[in-house]
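Working notes, structure below.
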Number of protein chains: 2
Amino acid sequence: MKTISDIAKMAGVAKSTVSRYLNGGSVSETTKKKLENVIKETGYIPNTFAQSLKAKKPNIIGTIIPRLDSYATTQTLIGIDEELRKLNHQMLISNSSQDLEREIENMYEMARQKVAGIILLATQITNAHLEAFEKVDIPVLLVGQEHKGVYSIIHNDYDAAYDMGKYVLEKGHRRIAFLGVTEKDIAVGVKRKAGFKRAIQEVDGVNVRFYETTFKIDDAIAISSTIIDEFKPSVLVCATDNIALGAMKAAYLKGVRIPEELSITGFGGYEITEIIHPALTTAKFYYQDAGRMAAQSMIQLINYEEIEPLIFSKYKIIEKESVDNL
Amino acid sequence: MKTISDIAKMAGVAKSTVSRYLNGGSVSETTKKKLENVIKETGYIPNTFAQSLKAKKPNIIGTIIPRLDSYATTQTLIGIDEELRKLNHQMLISNSSQDLEREIENMYEMARQKVAGIILLATQITNAHLEAFEKVDIPVLLVGQEHKGVYSIIHNDYDAAYDMGKYVLEKGHRRIAFLGVTEKDIAVGVKRKAGFKRAIQEVDGVNVRFYETTFKIDDAIAISSTIIDEFKPSVLVCATDNIALGAMKAAYLKGVRIPEELSITGFGGYEITEIIHPALTTAKFYYQDAGRMAAQSMIQLINYEEIEPLIFSKYKIIEKESVDNL
DNA sequence: CTGAAAGCGCTTACAG
DNA sequence: CTGAAAGCGCTTACAG
């Protein structure tokens, strides 16, 4: 691999001249031509490490994700990536495979690589996280979860769940199962349940039961099957679209018709929910938008601009065919 | 931000001693303790750029992807990421958003960032690609497409399509529509069609028509609807699972029952194909495996070991409910 | 075990 | 417009 010195030597000029040429400084036409040729011939590519060592502000934003095989994650990444590119910044992705320790390690690793800031698609915030936020000494922005003292962009889980609760009640459902996830996940496990609960509490005569599962479709299939047998709800409100897909599969396997015998709802608004039949009624979150907002906010943070500590991304109840009007 | 000099000064030792401590060299117990404390207090994080400038072999492998919102892509990435981690290497992802020029730029950008090698989840290989492969002067490995003179890992599209063709023929189908994609995509557009065609040619009395669509579900819905009206095939062989999902949606919208009135098959083996009903018969590709193989091959390449120029990833016809036995 | 020094490949004032 | 020199934050022989 050629270095700037090689190029300088070959062109018969000083390193600094090459550097100036590369960075658009003032260079005479003749040396410009010479350099152009030498660089083309050699296929010279500057070493970013050496550049960054001297350079001004780094322009790489680190994004840490819990997993890659999730619609919400990839959509958010697309939003971040596109917006950062517009703002002349680069995105570095690091996957922690749902391992909280690895997530922490990744933060330190990124700090070492001198990213300008870190966007964390968060699931849980532990003390080790808070300590890392302090130590890395660069802006950190959470997406999907909020935490006191940390800039956060969240989906409006509570309101969305409240609206979803109201919606199924309006459709006449009174025997309702809610299939949620662990409360360690504040956004999905706590907020969606709480918003839904509040809607239920505003109405009398509702028979509601709460269940818990994981984010995995297979687990959702299994427990949904049990719920259908045990409780026979008229509607099954699922905390994510994937859980809802599992519930639909369970219903199908048991020969229970949707929505005639069982209504099902989700949260997320994954593309697939519109393609399947019956299409799924769900609370759609705008992940790409949230990603774009995250990118913008991060750029503001690294420029020392003030931003809101807590930003809500919007949502919408998408009414499809999976809920029966009783 | 503290540097190694600051730490050295604070601990009253030389920079080299700090460096040795950090890299597990021999350091006395006392200075070890001292350093430990100073580093903990200051939250010192070494600058990777400076490290890499000196360092031996870089351990970052660049992966360039055409898009993020694709099951095949994310699964392949997971495989690469996991395997690289095992082999003590890091993955850097760069998304080209289906823009071939950006793909090329990303290659040069990665070379500049001194990645050890580049894994390209390829769609098309142009001359500009070949030129970039030369210039970056580091190992390049294609996944999903093959090209003479370039190390490639491909799914066995041809054989899979041949098997799929045989399968639908065995099920008694003789009025067959094949819904493919542009031939610019050698793997999906050319190979899957060619393998299928060969199977068809081995049997007499088959009425087959070939159609073309994009990778987008919406386009597949539209054209499938036309195919159903115009040609009334007994089976619609789709070049990807997403296209098949679109076809299923089209059938549903028209009230055509699957598989009784129309059989449908796909390629890919996306998770969702098992969840929907009827579950989709498809040629499953093992994307995570392919990703793992890519990671292993890349590590061999950067260590100057010999590898096969063309490696096939395996596949399997997954028989589900979407094909009728006539 | 420890330190002084050279060097990795760049950039950036500073002279000329 | 151009070059010599210092320096970015590390690592790595080489002495001691």
Side-chain angles (χ1 to χ4, degrees), chain A residues 1-39 42-60 108-116 136-138, chain B residues 1-39 42-60 108-116 136-138:
Chain A
M1 212 74 216
K2 303 279 179 216
T3 73
I4 198 170
S5 301
D6 298 326
I7 305 300
K9 220 167 289 171
M10 293 177 70
V13 299
K15 292 191 306 178
S16 31
T17 305
V18 182
S19 176
R20 232 175 283 119
Y21 166 77
L22 255 20
N23 296 294
S26 48
V27 186
S28 75
E29 271 306 311
T30 27
T31 61
K32 198 176 283 185
K33 288 262 164 61
K34 241 187 307 181
L35 255 7
E36 208 173 326
N37 285 332
V38 177
I39 289 175
T42 56
Y44 167 68
I45 296 175
N47 181 329
T48 340
F49 293 128
Q51 290 178 317
S52 308
L53 196 53
K54 292 291 297 183
K56 50 275 127 189
K57 223 176 296 171
N59 74 339
I60 297 181
Y108 289 116
E109 177 63 27
M110 286 193 159
R112 230 172 281 135
Q113 296 180 195
K114 297 296 168 209
V115 300
V136 293
D137 203 31
I138 47 175
Chain B
M1 214 73 216
K2 302 280 179 215
T3 73
I4 199 170
S5 302
D6 298 327
I7 303 300
K9 220 167 290 170
M10 292 178 70
V13 299
K15 293 191 305 178
S16 32
T17 305
V18 181
S19 175
R20 233 174 283 118
Y21 166 77
L22 257 19
N23 297 293
S26 47
V27 188
S28 75
E29 270 307 311
T30 26
T31 60
K32 198 176 283 182
K33 288 262 164 60
K34 241 186 306 180
L35 256 7
E36 207 172 328
N37 286 331
V38 176
I39 289 174
T42 55
Y44 167 69
I45 296 176
N47 180 331
T48 340
F49 293 129
Q51 290 180 316
S52 307
L53 196 52
K54 290 292 295 184
K56 48 280 127 186
K57 224 174 295 172
N59 74 339
I60 296 181
Y108 288 116
E109 177 63 27
M110 286 192 161
R112 230 171 281 134
Q113 296 179 195
K114 297 297 168 207
V115 300
V136 294
D137 204 30
I138 48 175

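We name chains A, B, ... by the order of the sequence lines, and we start the count at 1 in each one.
Rounded to the nearest 0.5 angstrom, A:Tyr44 OH and A:Leu22 CG are separated by 5.5 Å. Going from atom CG of B:Leu35 over to atom OG1 of B:Thr30 covers 10.5 Å, rounded to the nearest 0.5 Å. The distance from atom NZ of B:Lys9 to atom OG1 of B:Thr3, rounded to the nearest 0.5 Å, is 7.5 Å.
Between A:Lys9 atom NZ and D:dT2 atom P there is a gap of 19 Å when expressed in whole angstrom units. Straight-line distance from the OH atom of A:Tyr21 to the P atom of C:dT12: 18 Å, rounded to whole Å. Here C:dC10 presents its P atom at 9 Å from CG of A:Asp6, a figure rounded to the nearest Å. Between B:Ile45 atom CD1 and D:dG9 atom P the separation is 15 Å, expressed in whole Å. Nucleotide C:dC8 holds its C1' atom 12 Å from the CZ atom of A:Phe49, rounded to whole Å. If you take CG of B:Leu35 and C1' of C:dT2, they are 12 Å apart, rounded to a whole angstrom. Whole-Å rounding puts the B:Asn47 CG to D:dC10 C1' distance at 8 Å. Summarising the geometry, the separation between CD on B:Gln51 and P on C:dG7 is reported as 21 Å, rounded to the nearest angstrom.
Taking both residues in full, the closest heavy atoms of A:Ala8 and A:Ala14 are given as CB-C, 3.8 Å, listed atom of the first, atom of the second, then distance. In this structure, B:Gln51 and B:Pro46 approach most closely via the heavy-atom pair NE2-CB, 3.7 Å.
Heavy atoms of B:Val13 sit under 4.0 angstrom from primed sugar atoms or phosphate atoms, though from no base atom. Looking at heavy-atom distances under 4.0 Å, B:Ser5 makes no contact with the nucleic acid at all.
Where A:Lys2 and A:Arg20 each meet DNA chain C at their nearest nucleotide, the meeting point lying more 5' is that of A:Lys2. For the pair B:Ser16 and A:Lys15, nearest-nucleotide mapping onto DNA chain D gives the more 5' position to A:Lys15. Taking the nucleotide of DNA chain D with the nearest heavy atom to each of B:Asn23 and A:Ser28, the more 5' of the two is matched to A:Ser28.
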query: Dot-bracket, DNA chain C: Watson-Crick or G-U, under 3.5 angstrom, [ ] crossing, | other strand?
result: |||.||||||||.|||
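Between the side chain of A:Thr42 and the main chain of A:Val38, a donor-acceptor pair closer than 3.5 Å is present.
Using a cut-off of 4.0 Å between Lys/Arg side-chain N and Asp/Glu carboxylate O, A:Glu29 and A:Lys32 are scored as salt-bridged.
Listed pair B:Thr31 / C:dC1 fails the phosphate criterion, with no side-chain N or O lying under 4.0 Å from OP1 or OP2. Taking 4.0 angstrom as the limit, A:Ser19 places a side-chain polar atom (N or O) nearer than this to OP1 or OP2 of C:dT11.
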